[in-house]
Number of protein chains: 2
Amino acid sequence: MQEGTISIPGHREVTAPAQSRPRGDVYAANCPTRQLLDRIADKWSTLILMLLAAEDMRFNALKRRIQGVSQKMLSQTLRSLERDGLVSRSVEPTVPVTVTYAITPLGRGLFGSLSAMIEWAETCMIEVTAAQRAYDLKQASAG
Amino acid sequence: MQEGTISIPGHREVTAPAQSRPRGDVYAANCPTRQLLDRIADKWSTLILMLLAAEDMRFNALKRRIQGVSQKMLSQTLRSLERDGLVSRSVEPTVPVTVTYAITPLGRGLFGSLSAMIEWAETCMIEVTAAQRAYDLKQASAG
DNA sequence: CTGCATCCGCAATGATACTG
DNA sequence: CAGTATCATTGCGGATGCAG
């Protein structure tokens with residue numbers, strides 16, 4: 001951990017202490033864009049964002065919907081997303097408390113790119129699977 | 001590891017033994033699309049694909065260009081990408097051997113969605129950073 | 001109900017050394 | 001140059017328990 005870092009547990013720091021050249025090079029290790037890319041490239045972030053783009057949801061609703069996520073990771077991811085301003089969290093002071101998550105305008109912007117990706121994934125899944133099988137066969141025979 | 005799984009090291013299996021319902025639910029743990037999504041959502045895959053979309057590259061050229069990647073991860077990711085049919089690998093039998101990586105048509109399809117995402121990331125980075133700062137401040141005072 | 005804190009195993013990653 | 005093999009470490013992610 002360096003100076004500018006914060007303590008979000010699930011947040012992998014890229015060692016970016018006061019980067020001086022913010023623009024242009026996504027391939028530089030300390031580029032802030034890459035940090036963002038890492039967040040986007042998170043296993044759960046994508047799924048959450050997709051869900052929230054459709055409708056606001058409660059914590060447990062999300063958890064039920066996204067199979068395989070633990071509350072820890074869900075909570076963690078949600079907090080990261082909130083911190084990035086992609087998701088908003090609103091608390092109604094009922095008893096017990098009611099927490100609702102929603103996508104922000106900023107998040108909705110990202111959602112556009114994301115959905116294109118998902119769509120691609122669903123479309124090309126067949127081809128990819130075929131490629132994998134071919135590759136595996138070749139490996140098995142070649143050694 | 002289950003039956004259908006293979007031994008690519010960097011490949012996190014989602015326990016998908018002969019999934020029966022391939023379509024529709026990206027949120028199901030065993031959905032093949034999600035496997036693909038995980039691949040896409042890889043830290044290095046994105047970067048590599050972006051680079052190769054611009055031009056064919058050699059191994060070390062990639063390594064030099066992508067700061068912070070270890071040969072191990074680069075090699076690993078490259079192999080995954082090749083297995084998925086997104087990247088092609090060609091070997092010229094020179095001495096020493098010359099290996100060139102290129103993006104495939106399939107990979108280029110994905111590249112479209114990807115570049116939209118990168119573009120978004122670069123555009124909205126400022127806003128996200130601002131949101132982060134605001135969040136952190138709020139935490140610091142309220143926390 | 002909605003979380004946060006803690007412990008902990010294991011997979012993923014990185015550093016280093018070695019091969020062709 | 002283009003990797004593979006080995007070893008050390010990290011921190012993800014799951015399970016559990018507790019709090020508001």
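The chains referred to below are lettered A, B, ... by the order of the sequence lines, with proteins before strands, and numbering in each begins at 1.
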Flag, side chain of T77(A) to backbone of S45(A), donor-acceptor distance under 3.5 Å: no

Ignoring backbone atoms, test whether R79(B) places a side-chain nitrogen or oxygen under 4.0 Å from the OP1 or OP2 oxygen of dG3(D). no

Among dG3(C), dG3(D), dT13(C), the one nearest any side-chain atom of F59(B) is dG3(D)

Between V69(A) and T100(B), who's closer to the 5' end of DNA chain D by nearest nucleotide? T100(B)

Nearest-angstrom distance from the residue atom CG of L78(B) to P of dG3(D): 7 Å

Rounded to whole Å, please give me the gap between CZ in R64(B) and P in dG3(D). 14 Å

Is S70(B) near enough to dT13(C) that one of its side-chain N or O atoms lies under 4.0 angstrom from OP1 or OP2? no

Can you check whether S75(A) has a side-chain N or O nearer than 4.0 Å to OP1 or OP2 of dT2(C)? no

Of the listed nucleotides (dA2(D), dG14(C), dG14(D)), which one gets closest to any side-chain atom of M73(A)? dG14(D)

side-chain contact (heavy atoms from CB on, under 4.5 Å) evaluation trace for Q132(A) with D84(B): CA-CA 5 Å; Q132(A) 289 177 351; D84(B) 290 347; 2.7 Å; yes

Are OP1 or OP2 of dA2(D) and a side-chain N or O of R89(B) less than 4.0 angstrom apart? no

Atom-to-atom span, CE of M57(A) to C1' of dC1(C) - whole angstrom: 15 Å

Give the rounded distance in Å between these two atoms: CD of E82(B) and P of dA2(D). 14 Å

Contact under 4.0 Å: Y101(A) side-chain N or O vs dG3(C) OP1/OP2: yes

Check F111(A) against M50(A) and note the closest heavy-atom contact, atom names and distance. CE1-SD, 3.7 Å

Which atom pair, heavy atoms only, marks the closest approach of T98(A) to T94(A)? OG1-OG1, 2.7 Å

Side chain to side chain donor-acceptor pair (under 3.5 Å) pairs, two or more places apart, involving residues 102-121 of chain A: none

Short N/O separations, protein against nucleotides 17-20 of chain C, under 3.5 angstrom:
none

For residues M117(A) and L114(B), report the shortest heavy-atom separation together with the two atoms involved. SD-CD1, 3.5 Å

Atom-to-atom span, NZ of K63(B) to C1' of dG14(C) - whole angstrom: 11 Å

Among L78(B), L62(B), L49(B), V69(B), whose side chain to side chain contact (heavy atoms under 4.5 Å, CB included) with W44(B) holds? V69(B)

Provide, to the nearest angstrom, the distance between the CG atom belonging to L81(A) and the P atom belonging to dG3(C). 13 Å

Are any of the side-chain heavy atoms of L74(B) and I48(B) separated by less than 4.5 Å? yes

Would a single hydrophobic cluster contain both V87(B) and V91(B), if residues Ile, Leu, Val, Met, Phe, Trp and Tyr are joined by side-chain heavy-atom contacts under 4.5 Å? yes

Check the distance between dT13(C)'s P and Q76(B)'s CD and give it to me in whole angstrom. 6 Å

Tell me whether the OP1 or OP2 atom of dT2(C) has a side-chain N or O from R58(A) closer than 4.0 Å. yes

Which protein N or O atoms sit under 3.5 Å from an N or O of nucleotides 6-9 of chain D?
none

Single-linkage hydrophobic cluster, 4.5 Å side-chain cutoff, V97(A) and F59(A) together: yes

Starting from P on dA2(D), measure out to CZ on R65(B) and report it in whole angstrom. 17 Å

